2 protein chains.
Amino acid sequence: MRYTTSEENYLKAIFHLGHGQQEAVLTSEIASNLNTTAASVTDMLKKLSEKELVSYERYRGVRVTRKGERAALDVIRRHRLWEVFLTDVLKFGWDEVHHLAEELEHVSSDELISRLDRFLGHPRFDPHGDPIPDKNGKLLAGKVRSLDGVNQGSDWVVSGVLDDATPFLQFLNRKGIRPGIRLNVIHIDPYDQSMLVAVESGREEYLSFDVTQLITVAQA
Amino acid sequence: MRYTTSEENYLKAIFHLGHGQQEAVLTSEIASNLNTTAASVTDMLKKLSEKELVSYERYRGVRVTRKGERAALDVIRRHRLWEVFLTDVLKFGWDEVHHLAEELEHVSSDELISRLDRFLGHPRFDPHGDPIPDKNGKLLAGKVRSLDGVNQGSDWVVSGVLDDATPFLQFLNRKGIRPGIRLNVIHIDPYDQSMLVAVESGREEYLSFDVTQLITVAQA
DNA sequence: TTTGTAATTTAGGCAAGTCTAATTTATATT
DNA sequence: AATATAAATTAGACTTGCCTAAATTACAAA
């Protein structure tokens with residue numbers, strides 16, 4: 001294992017919270033993201049900084065370095081490839097693969113991932129619509145527009161979600177919403193921004209603003 | 001993870017060294033098998049004994065309990081199923097999958113293993129000819145006769161090997177020997193028991209006694 | 001400019017798993 | 001029956017990753 005499971009999880013969290021490089025991330029954000037304490041995060045930040053995986057100044061937050069970003073993208077690539085394997089090959093639901101992939105992603109072998117990638121036909125997106133970094137750590141333009149802020153009456157194709165937690169995905173499943181499904185925005189409430197949409201199946205579903213923020217869409 | 005990776009590795013080692021239950025295993029055997037020290041083994045034996053996975057009396061060796069045997073068989077099942085996946089699906093050589101399976105076997109999810117088993121078509125043997133325990137921990141009769149002690153002139157089919165280390169398997173690969181291959185025993189040296197065999201491909205290969213002990217065969 | 005406060009860091013500890021060095025024990029051999 | 005010795009165990013320590021509680025520090029508000 002190039003880095004420990006713990007180190008990889010921190011790098012992934014910092015990379016994600018910093019929206020892919022750039023932004024400084026707060027100790028407390030990382031702690032809440034990884035379900036741990038701020039003190040533990042501080043400890044780990046010192047270690048990662050020592051290894052030049054993040055640039056860290058006490059009390060000022062962290063950001064991944066080029067090297068740390070590369071390591072994070074490698075983990076993300078493994079995670080997303082395993083998710084494709086779990087849904088496409090083993091037929092798991094798209095709402096139940098995140099947790100398993102979280103374990104499989106730490107198995108270290110470039111050869112394994114390279115063969116898995118080939119076997120799966122070099123997929124470009126995972127089951128949640130997230131792009132899979134290539135073997136050089138290149139990440140294609142990702143999900144962009146989210147469903148909130150879209151016009152009333154417009155048509156869209158769901159491209160992905162911004163939260164991979166099983167309960168949220170099951171909630172969407174119950175409404176027939178998942179990547180690839182077409183949506184028509186019937187009405188947007190001017191007061192709370194809640195939305196009524198027509199799903200491909202013909203059903204009409206009500207979506208609160210919080211939910212529309214977590215669904216990304218592409219042109220129909 | 002039902003048990004830690006370390007606990008699972010110790011259970012597997014004790015189970016194997018005890019030839020599947022029964023026999024008491026020595027601390028030093030475990031230490032050398034797991035590449036660690038006798039002191040570390042003693043520590044772990046106390047923990048496993050605490051959890052009733054092994055029955056252990058100081059200075060007298062250990063043996064797995066019913067519960068420990070079950071846990072070991074679960075790990076072995078996962079290991080061997082992943083090996084089949086790696087060779088049959090990802091096309092790894094039979095000599096390079098042991099190490100990777102050693103990592104994958106600790107990913108904990110009964111559902112994952114059950115689906116993997118179904119996808120692979122419920123295989124009964126791994127690439128080295130070892131039987132795969134079923135989901136209830138039942139192990140079919142395994143490899144039996146090894147090539148040493150066989151009669152001069154007799155014909156056999158290689159059923160498996162008793163050592164999964166890559167260097168040994170590569171050595172056999174170079175001689176064209178692997179499970180499923182037919183062998184004819186041309187000559188056995190009366191002094192050192194070394195053997196000259198004709199391999200399916202027509203090649204004749206010389207095998208030292210140490211090697212013949214590690215190859216298992218079935219009736220041709 | 002001072003001060004209150006929330007966020008962060010430090011200090012001190014714990015558990016798992018490992019190690020080396022010292023001690024104990026079983027047992028084989030006189 | 002005594003004893004030598006190889007194997008096993010204990011003692012004491014280290015590392016990683018985590019925690020709680022007690023300082024610190026940045027910075028916004030007065």
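Remember, predicted model here, so these are calculated numbers, not experimental data. Throughout, protein chains are lettered first and strands after them, A, B, ... in sequence-line order, and every chain is numbered starting at 1.
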NA contact type, [X], heavy-atom cut-off 4.0 Å: base, sugar-phosphate, or nothing?
| X | result |
| --- | --- |
| B:Ser40 | base |
| A:Thr27 | sugar-phosphate |
| B:Thr37 | base |

Review point. Ion pair present between A:Lys175 and A:Glu205, side-chain N to carboxylate O less than 4.0 angstrom?
Key: yes
Specify the separation, in whole Å, of atom [atom1] of [X] and atom [atom2] of [N].
| X | N | atom1 | atom2 | value |
| --- | --- | --- | --- | --- |
| B:Lys51 | C:dG17 | NZ | C1' | 12 Å |
| A:Leu48 | D:dC18 | CG | P | 11 Å |
| A:Glu57 | D:dA26 | CD | C1' | 13 Å |
| A:Asn9 | D:dG17 | CG | C1' | 12 Å |
| A:Asp43 | C:dG13 | CG | C1' | 12 Å |
| B:His106 | C:dA16 | NE2 | C1' | 16 Å |
| B:Glu50 | C:dA15 | CD | P | 14 Å |
| A:Met44 | C:dT9 | CE | C1' | 16 Å |

I want to check one thing: is the phosphate of [N], taken as OP1 and OP2, less than 4.0 Å away from some side-chain N or O of [X]?
| X | N | value |
| --- | --- | --- |
| A:Arg58 | C:dT10 | yes |
| A:Tyr56 | C:dT9 | yes |
| B:Ser28 | D:dA6 | no |
| B:Tyr10 | C:dT18 | yes |
| A:Lys46 | C:dT10 | yes |
| A:Ser6 | D:dT16 | no |

**Study point:** A:Phe209 ring center near A:Tyr191 ring center (under 6.0 Å)
**Key:** no
Check your understanding: Going by atom types only, do B:Thr216 and B:Ser159 share a side-chain donor-acceptor pair under 3.5 Å?
Key -> yes
Review point. Do B:His128 and B:His98 meet the criterion of a side-chain donor-acceptor pair at a distance under 3.5 Å?
Key: no
Exercise for review: When you get a sec, tell me which of D:dT9, C:dG17, D:dC18 is the closest nucleotide to the side chain of A:Thr36?
Suggested key: D:dC18
**Study point:** Options C:dG17, C:dT9, C:dT8, nucleotide nearest the side-chain atoms of A:Leu26
**Key:** C:dT8
**Study point:** Over-ring placement of A:Arg80 relative to A:Phe125, 6.0 Å and 45° cut-offs
**Key:** no
Practice item. Select from A:Ala39 and A:Tyr59 the residue whose nearest nucleotide in DNA chain D is closer to the 5' end of that strand. Key: A:Ala39
